[in-house]
Peer 1: 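Here's a structure for you.
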Number of protein chains: 2
Amino acid sequence: MATQTEPSPQRVPLSKERVLRAAIDLADTEGLGTLTMRRLAQELGVEAMSLYYHVANKEELLDGMVDVLGTEINERVEQIEEASDWKTAMRDRILTARKVMMLHPWAPTVLESRTNMQLSIILYFEALLGLFRKGGFSYDLAHHAMHALGSRALGFTQELFDPGEDSGDDDSMAMLEQMADQLPNLVGMLMEITHDGPEDTLGWCDDQTEFEFGLDLLLDGLDRTLHKT
Amino acid sequence: MATQTEPSPQRVPLSKERVLRAAIDLADTEGLGTLTMRRLAQELGVEAMSLYYHVANKEELLDGMVDVLGTEINERVEQIEEASDWKTAMRDRILTARKVMMLHPWAPTVLESRTNMQLSIILYFEALLGLFRKGGFSYDLAHHAMHALGSRALGFTQELFDPGEDSGDDDSMAMLEQMADQLPNLVGMLMEITHDGPEDTLGWCDDQTEFEFGLDLLLDGLDRTLHKT
DNA sequence: ACCTGAACACCGTTCAAGT
DNA sequence: ACCTGAACACCGTTCAAGT
């Protein structure tokens with residue numbers, strides 16, 4: 001059945017496309033830390049050095065990953081039916097971008113380590129900017145707005161210190177009480193937070209609430225600034 | 001003159017303190033990329049392995065650097081005479097923290113890579129929280145507020161993609177005009193921005209303006225939320 | 001108590017060579 | 001055109017040993 005030039009079981013040749021997909025897959029499932037050239041090659045059933053035929057170096061690999069992420073975001077974002085007011089239109093867009101970001105835990109770290117903008121991301125920002133303009137923003141105010149949103153424009157905030165597991169258990173609660181005199185406010189706050197909602201405080205949901213709170217604070221503020229001047 | 005136990009030219013023994021100071025110095029001047037255990041040891045006139053007597057591993061080294069940074073911030077922040085309203089009190093505090101942060105370009109990256117909170121940083125947040133409480137915030141609203149501020153509470157925002165040098169020169173301006181039809185808004189904005197203020201657009205100053213704009217947007221928004229409910 | 005030498009298990013990357 | 005083997009210059013870190 002096989003034609004004469006078929007050499008081996010999996011003979012699909014490598015391509016930049018395939019390398020990037022595999023890199024994203026690996027980073028998604030095993031974490032950014034295990035994304036090494038050697039491991040990635042292994043995943044593709046190839047020697048590490050073969051990758052360099054399709055990608056100049058690791059930086060270009062990471063750039064490429066960001067670019068397909070951006071493309072993925074743009075595809076999803078284009079399917080939104082655009083709200084008439086700029087604020088909810090922008091809110092919808094950003095929350096959609098966030099949904100894609102959540103699928104790729106490596107994205108925040110990699111995005112912030114980039115030194116080159118990728119086209120797909122530029123296009124995403126161009127569209128956001130268009131929304132601002134349609135809403136009546138001057139270029140100057142839109143520029144401030146983009147800076148104020150920062151990474152939130154792409155749907156994420158890089159948390160300082162993720163506390164990990166030890167938030168609600170008995171051990172850490174006991175420790176908290178010990179520190180109560182030196183850190184009255186922090187302890188007071190944590191006691192109330194952890195006491196209140198043990199059901200829906202499941203990491204993602206919680207972060208989502210905080211993200212939307214911060215986003216709305218900024219969007220509302222921008223809207224007010226817009227109508228003030 | 002020398003006492004009998006003086007062994008050699010520089011005989012000051014290593015200490016965790018000295019290791020951390022040297023690490024901060026090295027990262028400040030040469031960048032985080034050149035802060036390796038081997039290079040740090042060399043800076044201290046010692047073999048790389050000697051460091052491990054004072055510091056468990058590199059993570060602990062970075063933790064330590066963050067802790068002295070936090071201490072430095074707290075010292076500066078305590079000298080502020082506190083404004084009567086919470087908003088300017090918090091604004092002053094955060095902008096003071098920012099002044100310290102600006103001296104340590106590695107700080108944002110390292111802070112966001114930490115997994116353990118350092119005491120000095122906890123104390124900084126405790127104080128911020130105290131300001132919120134004094135201003136009349138519930139624990140719940142203060143909690144939202146801290147999340148909304150994010151890294152801005154410590155005086156920095158991690159920029160996505162720093163464009164580097166190629167912002168205002170003739171080459172990039174020519175490129176911009178070529179892309180004008182695909183990226184009308186982005187090009188329009190950049191043309192206006194780079195056209196407007198070539199004098200005071202000196203990197204730091206510019207970032208400072210954007211930082212304060214975003215900060216005030218958030219603080220004003222929080223103030224409004226506070227007085228609404 | 002404090003520091004060192006030699007070694008290990010990793011990195012990304014170059015380069016000449018194979019098919 | 002596409003892939004590989006061997007090697008280089010780096011990492012962080014362990015461990016037994018020196019003073």
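Any value given below was found using the heavy atoms of this structure, including those in side chains, with hydrogens, waters and symmetry copies removed. Chain A is the first sequence line, chain B the second, and so forth, proteins listed ahead of strands; every chain is numbered from 1.
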Peer 1: Determine yes or no for a side-chain-to-main-chain donor-acceptor pair under 3.5 angstrom, with B:Glu60 supplying the side chain and B:Val55 the backbone.
Peer 2: no

Peer 1: Could you measure the distance from the CG atom of A:Leu183 to the CG atom of B:Leu123? Nearest 0.5 Å is fine.
Peer 2: 6.0 Å

Peer 1: Kindly state which residues belonging to residues 47-54 of chain B come within less than 4.0 angstrom of DNA chain C, counting heavy atoms of the residue only, listed by number.
Peer 2: B:Glu47, B:Met49, B:Ser50, B:Tyr53, B:His54

Peer 1: What distance separates B:Met90 CE from B:Leu131 CG, expressed to the nearest 0.5 Å?
Peer 2: 4.5 Å

Peer 1: Please identify each residue that fulfils side chain to side chain donor-acceptor pair (under 3.5 Å) with B:Glu78, with sequence neighbours left out.
Peer 2: none

Peer 1: Counting only N and O atoms by type, is there a donor-acceptor contact under 3.5 Å from the side chain of B:Glu126 to the main-chain atoms of A:Asn185?
Peer 2: yes

Peer 1: Give the dot-bracket line for DNA chain C from 5' end to 3' end: parentheses for intra-strand Watson-Crick or G-U pairs under 3.5 Å, square brackets for crossings, | for inter-strand pairing, dots for unpaired.
Peer 2: ||.|||||...|||||.||

Peer 1: How many angstroms lie between atom CD of B:Glu43 and atom CG of B:Leu35, to the nearest 0.5 angstrom?
Peer 2: 10.0 Å

Peer 1: Which value, rounded to the nearest 0.5 Å, describes the distance between A:Leu160 atom CG and B:Arg152 atom CZ?
Peer 2: 12.0 Å

Peer 1: Any chance you could lay out the side chain to side chain contact (heavy atoms under 4.5 Å, CB included) test for B:Ile94 and B:Phe211, step after step, and finish with the verdict?
Peer 2: CA-CA 11 Å; B:Ile94 290 177; B:Phe211 183 85; 4.0 Å; yes

Peer 1: Walk me through it: do B:Met191 and A:Tyr139 pass the test side chain to side chain contact (heavy atoms under 4.5 Å, CB included)?
Peer 2: CA-CA 10 Å; B:Met191 300 278 276; A:Tyr139 278 132; over 6 Å; no

Peer 1: Can you check salt bridge (Lys or Arg N to Asp or Glu O under 4.0 Å) on B:Glu72 and B:Arg76, steps first, answer last?
Peer 2: CA-CA 7 Å; B:Glu72 208 179 328; B:Arg76 290 277 282 272; 5.6 Å; no

Peer 1: Give, ordered by number, those residues of residues 19-43 of chain B having at least one heavy-atom distance below 4.0 Å to an atom of DNA chain C; if nothing qualifies, reply none.
Peer 2: B:Arg38

Peer 1: Do the non-hydrogen side-chain atoms of B:His54 and B:Glu17 ever get within less than 4.5 Å of each other?
Peer 2: no

Peer 1: Would you say the side chain of B:Gln158 lies within less than 4.5 Å of the side chain of B:Thr109, judging by non-hydrogen atoms?
Peer 2: yes

Peer 1: Chain A on DNA chain C: first and last contacting nucleotide, 5' to 3', under 4.0 Å to a heavy atom?
Peer 2: C:dC11 to C:dT14

Peer 1: Does A:Asp67 offer a backbone N or O that forms a donor-acceptor pair with the side chain of A:Ser120 under 3.5 Å?
Peer 2: yes

Peer 1: Between A:Arg93 and A:Ala153, is there a donor-acceptor pair closer than 3.5 Å when you use the side chain of the first and the backbone of the second?
Peer 2: no

Peer 1: Measuring from atom CZ of A:Arg114 to atom CD of A:Glu59, what distance do you get when rounded to the nearest 0.5 angstrom?
Peer 2: 4.5 Å

Peer 1: Under 4.0 Å, heavy atom to any atom of DNA chain C: which of residues 58-68 of chain B qualify?
Peer 2: none

